[in-house]
Amino acid sequence: MTEKMAYQIRNLEIKLDKNYVEKAWELLKKDDRYQLLLNQLDIYSNDEIALKLSILDTVYKPLADRSRRHKKYLPIDNIGYNEKLLDKLKKKKYFTSVEKEEYDEEDTSTHTKKHMQRFVVWVKQKQ
């Protein structure tokens with residue numbers, strides 16, 4: 001498989017053989033793996049998903065911890081990736097719940113409160 005093929009596989013939304021997906025994962029740069037994982041999430045077990053999440057980015061590492069049931073927050077991104085990912089993971093019963101939450105955050109430079117939104121995720125303990 002070539003890097004060009006890996007990029008084509010990344011964009012496919014049909015379920016592929018895990019061997020092809022894994023080879024594409026190896027060839028893609030870290031920032032290009034997000035779409036591959038989202039599109040091929042159904043081929044992985046929840047344990048495999050936890051491993052992939054721990055590799056992707058530090059924002060996803062807390063979601064990879066399935067040693068206990070716990071609440072984590074995930075930002076709402078501009079392109080909708082996190083919402084799509086969380087929706088698919090909820091359908092796979094990786095989480096017990098996913099909700100949007102509004103909160104206020106203080107801007108330390110201006111000392112003003114900023115109204116924000118984020119996802120509240122309850123990670124399900126591994127059985």
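- Judged purely by atom type and a 3.5 angstrom limit, Gln40 uses its side chain to pair as donor or acceptor with the backbone of Leu12.
- Both Leu38 and Phe119 are part of a single hydrophobic cluster, where members link through side-chain heavy atoms under 4.5 Å apart.
- Using a distance-only test at 3.5 Å, with no hydrogens or angles considered, a donor-acceptor pair links the side chain of Tyr94 to the main chain of Leu63.
- Between Lys30 and Asp57, none of the side-chain N atoms (NZ, or NE/NH1/NH2) sits under 4.0 Å from a carboxylate O, so this pair counts as no salt bridge.
- Annotation: side chain of Lys91 is in contact with side chain of Asp87 (closest heavy-atom distance under 4.5 Å).
- Listed for the Asn82 side chain is a donor-acceptor partner under 3.5 Å among the backbone atoms of Pro75.
- Annotation for Val98 and Phe95: closest pair CG2-CD1, 3.6 Å, computed over non-hydrogen atoms.
- Looking only at distances, no side-chain donor or acceptor of Lys93 sits under 3.5 Å from a matching main-chain atom of Asn46.
- Put simply, CZ on Arg69 and OG1 on Thr96 are 4.0 Å apart, with the number rounded to the nearest 0.5 Å.
- At a threshold of 4.5 Å between non-hydrogen side-chain atoms, the residues Trp25 and Lys18 do not count as touching.
- You'll find the side chain of Leu41 reaches within 4.5 Å of the side chain of Leu89, heavy atoms only.
- Taking a 6.0 Å sphere around NZ of Lys84, one finds it holds 12 or fewer heavy atoms contributed by other residues, nucleotides or ligands.
- Using a distance-only test at 3.5 Å, with no hydrogens or angles considered, a donor-acceptor pair links the side chain of Asn11 to the main chain of Tyr7.
- For the pair Lys71 and Val120, the tightest heavy-atom approach, listed with the atom from each and the gap, is CD-CG1, 3.4 Å.
- Taking CD of Glu106 as the reference point, atom NE2 of His111 lies at 6.5 Å (rounded to 0.5 Å).
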> What do the steps show when you test Lys100 against Glu83 for side chain to side chain contact (heavy atoms under 4.5 Å, CB included), and what is the final call?
Replying inline: CA-CA 10 Å; Lys100 282 185 181 177; Glu83 186 167 15; 3.7 Å; yes
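- A donor-acceptor pair is defined here as one N or O able to donate and one able to accept, closer than 3.5 Å; such a pair exists between the side chain of Glu48 and the backbone of Ser45.
- Using a 4.5 Å heavy-atom cutoff, the side chains of Leu74 and Val59 are in contact.
- Val121 and Tyr103 fall into different hydrophobic clusters, where Ile, Leu, Val, Met, Phe, Trp and Tyr residues are linked whenever their side-chain heavy atoms come under 4.5 Å apart, directly or through other members.
- Side-chain contact check for Lys52 versus Tyr60: every heavy-atom pair is 4.5 Å or farther apart.
- Formation of a donor-acceptor pair under 3.5 Å by the Tyr81 side chain with backbone atoms of Tyr34 is found in this model.
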